[in-house]
Amino acid sequence: MILDGKALSKKILEKIKVEVSKLSNKPHLAVILVGDDPASQVYVRNKKKTAEEIGILSTVIELPYETSEDVVINKIKELNANKEITAILVQMPLPKHINKDNVICAIDPNKDVDCFTPENVGKLAIGMEPRFNPVTPQGVLMLLDYYKVPIEGKHAVIIGRSNIVGKPMAQMLLQRNATVTICHSKTENLEEKIKAADIVISAAGKKIVRCKMVKYKATFVDVGISRDTNGKLTGDLNWIPDFNNFNEVSEYFEFVSPVPGGVGPMTIASLMLNTLASSQDMGILSIRRDSFF
Ligand code: NAP
């Protein structure tokens, strides 16, 4: 079965729109974009467009590539102090001359809708509820929950150990009582580890997983995004030469997410859910993810 993130995200966004319409203090997302990386520009544009479609206010602050770290941090401090702004997001990657850790640490944890700050990441790590959940892992979990993929007691193998995807995904799956293995570029016998998984969550950004490396009727969630030689968007799953088309692929797995149309749209919906939760009207921790689908 296909984990249809496009359809589910639409459903979630419609519900968020209804909730936003009831609020007197609308959530307001500020996005800081430094430099002119074309992929980042597209991501930021999509976030702004989606926010506007569902009644969330958004402001994009575009700064030139040469902007100093101090200027970025001062801008964040201004946004922290601004009561109109309820959510702050700094689009990564930042230019090389800016220390991203210093920038992240400047964000008010109560406005940190990406769950990047040490306070929110630390809470997640010790099993406390962070002010906001990390967006992509939260999107993956909503997808798994919607399709009722069993998690408790299952062996989940995560490919990738980044702060954005791999590590928080592992924390959230542990919270849900999965047995978690994290793999990365130095992992030995990767195939063996993948074969042992009931759920594979792949976030390498490279086409490194052949379908038949994964156990028959396991679940495969493809977080990776890259472009093939024809410039087409693709994930980490390589189904050639094992299968002829994605329908055959979907029959091999219990559940599989496509790229595009899987985790990507869920990440945006998840960010919007966090932004909704940032509204002063919502109160802390008042959002139940599963009430949105
Ligand atoms: P990242 O920081 O580059 O991390 C990639 C991870 O994959 C690293 O931990 C790396 O290991 C590991 N890796 C790379 N090659 C490998 C290999 N051959 N075998 C095993 N592990 C390998 O990237 P990221 O930010 O986590 O993003 C990962 C991918 O997900 C990217 O394609 C990104 O575009 C995509 N993404 C998608 C969404 C979405 O909404 N769909 C959201 C976020 C990210 P090392 O740590 O050893 O280098």
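Values reported hereafter were calculated over all heavy atoms of this structure, with side chains retained and with hydrogens, waters and symmetry mates removed. All ligand and atom numbering here is 1-based and tracks the order in the structure.
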Residue set satisfying side chain to side chain contact (heavy atoms under 4.5 Å, CB included) with Asn245, at least two apart, ordered chain then number -> Asn247, Glu248
Applying salt bridge (charged side-chain N to carboxylate O under 4.0 Å, His left out), can you list everything that pairs with Arg45, at least two apart in sequence or on another chain? none
Heavy-atom contacts under 4.0 Å to ligand 1, chain-then-number order, include exactly Thr136, Ile159, Gly160, Arg161, Ser162, Val165, His184, Ser185, Leu190, Ala203, Ala204, Gly205, Lys206, Ile208, Val223, Gly224, Ile225, Val263, Gly264, Thr267
Are more than 12 heavy atoms, taken from residues, nucleotides or ligands other than Tyr146, located less than 6.0 Å from that residue's OH atom? no
Asn163: partners by side chain to side chain donor-acceptor pair (under 3.5 Å), with sequence neighbours left out: Lys167
If we ignore hydrogens and angles and just use 3.5 Å, is the side chain of Asp236 paired with the main-chain N or O of Gly205 as donor and acceptor? yes
Before we go on, tell me: are the rings of Phe255 and Phe220 under 6.0 Å apart, centre to centre? no
